[in-house]
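Written out below as structure tokens is the structure these notes cover.
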Protein chains: 2
Amino acid sequence: MNLFGRKSKQPDNQNRMNEELGKKGLRMTPQRLMIIAAIEKSDNHIGADEIYTQVVEKYPNVNISTVYRTLDVLEEMGMVTKTDLGGGRVQYHPAEKGHHHHLVCRECGKITDLDEAALSVLKETLLRHYNFVADLRHMGIWGYCAKCNRQVVKEA
Amino acid sequence: MNLFGRKSKQPDNQNRMNEELGKKGLRMTPQRLMIIAAIEKSDNHIGADEIYTQVVEKYPNVNISTVYRTLDVLEEMGMVTKTDLGGGRVQYHPAEKGHHHHLVCRECGKITDLDEAALSVLKETLLRHYNFVADLRHMGIWGYCAKCNRQVVKEA
DNA sequence: GTTGTACCTGCAAATTATTGCAGTAAAAAT
DNA sequence: ATTTTTACTGCAATAATTTGCAGGTACAAC
């Protein structure tokens, strides 16, 4: 199947994605294309279920397990990040749309956004001391916000 | 039901736990007692399933949902930490047995231990700049170990 | 173009974790 | 002691995610 029509019709993203996949012997498929599109379209975070819902609208045959499998592939490729922000569903985010983090309050669930820079020191340290390339592009850090702040974690 | 026999028979941990529970209007029950014991007994990490298996041996009536609910209570009280170290099951760890962290390699699954101090700077920063009390007692940080290090995360 | 290999997907089943509900029991109030 | 309130648990149902398998398809080698 020709996924892109004539040449030069595909956006840059798909081009790059296509190459990345090729490098690893993986293929671009209609399913993957549509799943990627759904993630890209969401400006912010999106859950597996929402992706599935969107894709199914146009291509009712796709299975939810394909969505999960694709998300795994994309995460392994570094194209999307996967973050637990509470609410029972893991959230996905396009990696090239900026790196940022979230402080999640265990008590009230409030989510505060955090700039990427906050974790760059840690990333540096881990790299220098442990030779470990930490994937700190999109973290959910749990704890207690100013309002709910309790003494539970005082000994940490 | 008398959970402890005569006075002064219970270990300090249970004593403290009992008080902590009381403070919040919660109760110490046989189920909770046994679940706590299972966690304490494990020197390292333990999963919900293992806890359940251990408890069921002596008290076949307990239900796995009670285990999960108890773990939630204990986590909220700050008595245990909950960490995803891969392998499909979340791991629990007694909080008072020392705080530490783990670098988890996405590629080979290798887990490198990390001292608590590595994250204390971050904790300080979050507290000072955001008034957020981050629970950084037992983190699983994902990425690539020296051996598997790839270029995927280079732009992070 | 046939063959071989590796990948991809839908389906169903299995795993892990959570939630609603109803019955029971403990603690507090009367 | 009785009533009232609140908490706890087992059970069953649900939700989120993963895995095994079998059929299908792309791609390279011959």
Side-chain angles (χ1 to χ4, degrees), chain A residues 1-4 17-36 45-53 55-56 58-77 80 82-92 106 109 140, chain B residues 1-4 17-36 45-53 55-56 58-77 80 82-92 106 109 140:
Chain A
M1 182 198 236
N2 182 348
L3 300 179
F4 306 112
M17 179 75 65
N18 211 0
E19 277 175 34
E20 290 286 336
L21 285 168
K23 271 187 216 163
K24 311 202 176 186
L26 305 180
R27 302 166 195 154
M28 181 57 92
T29 65
Q31 288 91 335
R32 285 179 181 170
L33 204 46
M34 298 181 69
I35 291 167
I36 291 163
H45 306 111
I46 189 169
D49 201 51
E50 294 169 81
I51 295 172
Y52 176 65
T53 305
V55 174
V56 154
K58 296 197 173 176
Y59 187 175
N61 260 29
V62 285
N63 192 278
I64 183 73
S65 65
T66 298
V67 173
Y68 279 110
R69 273 188 291 227
T70 300
L71 287 170
D72 284 351
V73 169
L74 295 180
E75 194 201 3
E76 206 174 319
M77 289 173 46
V80 303
K82 184 180 178 180
T83 313
D84 177 15
L85 298 177
R89 287 181 204 160
V90 172
Q91 295 294 113
Y92 294 85
R106 258 198 238 289
Chain B
M1 182 196 241
N2 183 349
L3 301 178
F4 307 112
M17 180 75 65
N18 210 0
E19 278 174 34
E20 291 284 336
L21 284 168
K23 271 188 217 162
K24 312 202 177 188
L26 304 180
R27 302 166 195 156
M28 181 56 94
T29 65
Q31 288 91 335
R32 285 179 181 169
L33 204 46
M34 299 182 68
I35 291 166
I36 291 164
H45 306 111
I46 189 170
D49 202 50
E50 294 168 81
I51 295 172
Y52 176 65
T53 306
V55 174
V56 153
K58 296 195 171 177
Y59 187 176
N61 260 29
V62 284
N63 192 277
I64 183 73
S65 65
T66 298
V67 173
Y68 280 110
R69 272 188 290 227
T70 301
L71 288 170
D72 283 350
V73 169
L74 296 180
E75 194 201 2
E76 206 174 319
M77 290 173 45
V80 303
K82 183 180 178 181
T83 313
D84 177 15
L85 298 176
R89 286 180 205 163
V90 172
Q91 295 295 113
Y92 294 84
R106 257 196 238 290

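Just so we're on the same page: letters track the sequence lines, and every chain starts at 1.
A straight line from CG of Asn61(B) to P of dT24(C) spans 14 Å, rounded to a whole angstrom. Following rounding to the nearest Å, Arg69(A) (CZ) and dT18(D) (P) show an atom-to-atom distance of 11 Å. Whole-Å rounding puts the Asp84(B) CG to dT15(C) P distance at 19 Å. Nucleotide dA6(C) holds its C1' atom 20 Å from the NZ atom of Lys23(A), rounded to whole Å. Here the P atom of nucleotide dC8(C) and the CG atom of Asp72(A) are 13 Å apart, to the nearest Å. Between Arg89(B) atom CZ and dT17(D) atom P there is a gap of 18 Å when expressed in whole angstrom units. Summarising the geometry, the separation between CG on Asn63(B) and P on dA13(D) is reported as 13 Å, rounded to the nearest angstrom. Here the P atom of nucleotide dT19(C) and the CG atom of Leu71(B) are 14 Å apart, to the nearest Å.
Pro30(A) approaches Tyr59(A) most closely through the heavy-atom pair CB-CE1, 4.4 Å. Among all heavy-atom pairs drawn from Lys58(B) and Met34(B), the shortest one is CB-CE, 3.5 Å.
For dG10(C), one of the phosphate oxygens OP1 or OP2 lies less than 4.0 angstrom from a side-chain nitrogen or oxygen of Thr66(A). OP1 or OP2 of dA17(C) sits under 4.0 Å from a side-chain N or O of Tyr68(B).
For Arg89(B) (side chain) and Ala48(B) (main-chain N/O), no donor-acceptor pair under 3.5 Å exists by modelled atom type.
The residue from Val67(B), Ile51(B), Thr70(B), Val56(B) that alone fulfils the side-chain contact (heavy atoms from CB on, under 4.5 Å) condition with Val62(B) is Val56(B).
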All N/O pairs under 3.5 Å across the protein-nucleotides 4-8 of chain D interface:
{"residue": "dT6(D)", "atom": "O2", "partner": "Arg27(B)", "partner atom": "NH2", "Å": "3.2"}
{"residue": "dA7(D)", "atom": "O4'", "partner": "Arg27(B)", "partner atom": "NH2", "Å": "3.0"}
{"residue": "dC8(D)", "atom": "OP1", "partner": "Arg27(B)", "partner atom": "N", "Å": "2.6"}
{"residue": "dC8(D)", "atom": "OP1", "partner": "Arg32(B)", "partner atom": "NH1", "Å": "2.6"}

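Taking the salt bridge (Lys or Arg N to Asp or Glu O under 4.0 Å) definition, one finds that Glu50(A) meets it with nothing, sequence neighbours left out.
The pair Arg106(A)-Glu75(B) meets the salt-bridge criterion, with a side-chain N (NZ, NE, NH1 or NH2) lying under 4.0 Å from an Asp/Glu carboxylate O.
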